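Working notes for the structure below.
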Amino acid sequence: MTFHNLHTHGFVRIACAAPRVQVADPAFNVAETIGLLRRADADGASLTLFPELGISAYAIDDLLQQNALLDAVLAGLARLVEESTSLRSVAIVGAPLRVEGRLFNCAVAIYRGRILAAVPKTYLPNYREFYERRQFASGERASATSIQLCGQDVPFGTDILLSASDVADFVIHMEICEDVWTPIPPSSFAALAGATVLLNLSASNVTIGKSDWRHALCKAHSGRCIAAYAYSAAGTGESTTDLAWDGQAMIYENGALLAEAERFAAEPQLILADIDLERLAMDRIRQNTFGDSADAHRDRLAFRRVSFALEPDRISDLGLLREVERFPFVPSDDARLNELCFEAYNIQSHGLRKRMESARVQKIVIGVSGGLDSTQALLVAAHTFDALGLPRSNILAYTLPSFATSKGTKANAWRLMEALGVTATEIDMTPACRQMLVDIGHPFAKGEPVYDITFENVQAGARTSVLFRLANFNNAIVLGTGDLSELALGWCTYGVGDHMSHYNVNGSVSKTLIQHLIRWVAQSQRFGVDASAAMLDILATEISPELVPGEGDGPSQKTEDFVGPYALQDFNLFYITRYGFRPSKVAFLSHHAWSDATRGDWPPHMEASKKIAYDLATIKRWLGVFVRRFFETSQFKRSAVPNGPKVSSGGSLSPRGDWRAPSDAVATAWLADLERIPDE
């Protein structure tokens with residue numbers, strides 16, 4: 001089914017090869033190239049990159065000026081062209097070519113029996129161990145715009161982009177080794193001209209520490225150009241007369257490493273990764289300075305586009321060769337998670353510190369329910385007051401039980417407040433809520449068990465009212481607790497409850513991240529053993545608004561029964577708001593992330609009971625809930641949220657920040673796309 005095909009969702013698969021070569025033996029090298037090209041084709045790659053001068057070998061010095069060798073290179077290219085007629089993968093190989101009485105170090109693109117282009121190297125290193133100007137001329141000096149190669153008229157020059165006519169945004173640029181080591185690589189201009197997949201055919205001998213520098217170059221360049229950057233260096237078999245080779249190959253996408261080959265491998269290496277062309281294109285649209293830079297350099301962007309029809313497999317389920325993290329707001333790597341938690345706490349804390357200083361207050365008021373959000377906000381407050389040198393007793397924490405407050409959550413609220421040493425108070429909101437219900441003539445006031453939205457919001461409103469009056473009374477500000485996930489789903493009462501405060505430190509923090517932030521603090525025991533024990537009990541409690549009475553010590557309402565699993569909804573939130581993906585693509589990614597609980601990494605220290613899988617039908621169901629609530633029913637709440645710091649790159653719904661939208665939009669377009677998702 002086409003839904004499960006990666007090409008349906010804006011991906012393209014590319015490969016990098018590090019073949020075995022034989023010095024100055026084009027016939028052998030072409031045979032090795034063909035072998036790897038067939039492997040890449042069988043693995044569904046639409047493009048396969050090979051190293052610099054891979055047809056002749058790189059480290060052969062003056063042998064490059066021998067016609068016997070150069071003739072053998074042409075014969076090898078002809079064989080490769082013939083072999084390519086039955087393959088779906090564009091082959092990008094390196095070869096020395098004679099053009100107009102000069103020799104050029106070239107990247108040659110071959111597809112389905114056609115040589116698409118030959119691009120000469122621009123920058124020729126002539127320092128330390130490199131003497132390329134002895135053999136080659138720079139592509140900048142070439143006057144020819146086309147050459148005869150293997151009986152074909154082939155576009156030639158440094159101004160060429162390869163553009164797939166039938167795959168949106170698949171635009172390829174080729175540069176060679178030293179080109180990316182220069183202050184302004186040729187691919188910079190190619191990216192501004194529309195290239196999304198930047199290729200580097202490299203030889204690059206290895207020295208101690210050079211691998212890290214290559215990584216740094218490729219990572220930074222792919223991020224700066226908002227592009228994929230694939231790099232393939234010479235390896236096994238190159239001459240070691242004076243140099244050594246490690247066969248490093250890597251694929252980056254917008255600063256993220258997708259795949260890397262084993263270095264110093266005895267066997268030829270082939271790595272593959274799926275590039276998200278749609279994501280790159282959308283990011284370029286959002287980052288308006290990318291277009292501004294293109295405008296500023298328009299005199300350097302006169303590239304010729306060579307069009308070709310890729311005709312990829314659009315039917316088969318080819319899988320997805322990239323990691324899709326289940327929790328986009330929560331890294332699965334322990335070190336990264338530790339760093340993220342450190343940064344998140346400090347962002348929240350510094351935001352609150354500045355607000356208190358500007359408001360000229362030394363006290364805050366906070367409602368503590370014994371749930372996740374108020375726990376996180378209270379921990380941030382404690383951290384902030386410690387940093388300011390203020391006593392934690394200036395944190396005026398109130399637990400405000402009413403009709404539906406469970407014994408367990410109230411007990412946890414008290415345990416946490418006492419362990420943190422804040423000023424803890426309990427105000428029973430039941431009388432005030434009951435009087436309001438009497439005043440408005442609600443059936444509950446007459447003894448009828450009617451637990452409607454009015455009943456729920458009377459409690460939320462009463463709590464907010466008393467918190468604001470307490471702030472007035474104590475010359476303090478009300479610290480908000482509502483989180484990003486609830487705001488996205490509209491799971492907050494307009495004007496009161498978690499929606500309103502003087503300042504909200506959690507407004508840009510997703511529910512899934514809040515859970516890990518609390519766990520991180522608990523495990524560090526930075527607030528003591530008793531506080532950590534309370535936090536762990538809070539983490540183990542069912543998420544609930546506690547606005548409808550129930551039985552027993554636990555909450556009667558389960559939030560995720562209404563709005564869906566936060567794990568899925570945070571996934572939906574991230575990809576829809578950060579990248580603007582359509583629902584069908586989000587479901588495709590979500591299915592790859594969540595369909596198999598045994599596949600991929602989970603965030604560290606996560607409970608085994610929460611390591612579950614979701615099938616496509618479940619993913620589709622809750623994605624539909626998200627789409628309706630996010631696009632159609634909840635924007636008016638987001639248009640009126642209090643101030644709070646942006647914490648993560650994928651998460652801010654403030655109308656003064658990342659997200660601006662009309663309050664009266666309809667979700668028709670998104671719901672129509674949702675129907676493209678099958679149930680299995």
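Just so it is clear, the structure is predicted and the values come from calculations on it, not from any experiment.
Taking the six-membered ring for Trp, Phe571 and Phe329 have ring centres at least 6.0 Å apart. For an aromatic pair to be called close, the ring centres must be under 6.0 Å apart, and Trp602 with Trp594 satisfies this. Ring centroid separation for the pair His221 and Tyr252 does not come in under the 6.0 Å cut-off.
Of the residues Tyr579, Phe626, Phe327, the one that meets the ring-ring contact (aromatic ring centres under 6.0 Å, His included) test with Phe574 is Tyr579.
Between Arg326 and Asp601 no salt bridge is recorded (no basic side-chain N to carboxylate O distance below 4.0 Å). Note on Lys585 versus Asp276: salt bridge recorded, some NZ/NE/NH1/NH2 to OD/OE distance being below 4.0 Å. Using a 4.0 Å cut-off between charged side-chain N and carboxylate O, Arg578 and Asp283 make a salt bridge. Here Arg214 pairs with Asp246 in a salt bridge; the nearest charged N to carboxylate O distance falls below 4.0 Å. We find that Lys511 and Asp373 are joined by a salt bridge, their nearest charged nitrogen and carboxylate oxygen being less than 4.0 Å apart.
No donor-acceptor pair closer than 3.5 Å links the side chain of Asn506 to the backbone N or O of Gly482.
No hydrogens or angles considered: nothing links the side chains of Ser485 and Ser510 as a donor-acceptor pair under 3.5 Å.
Within the 4.5 Å cutoff, the side chain of Ser406 has heavy atoms near those of the Glu546 side chain.
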Exercise for review: Report the C-alpha distance between Leu379 and Phe527 in whole Å, list the side-chain angles of each, state the deciding distance to 0.1 Å, and finish with yes or no for side-chain contact (heavy atoms from CB on, under 4.5 Å).
Suggested key: CA-CA 9 Å; Leu379 295 175; Phe527 292 119; 3.8 Å; yes

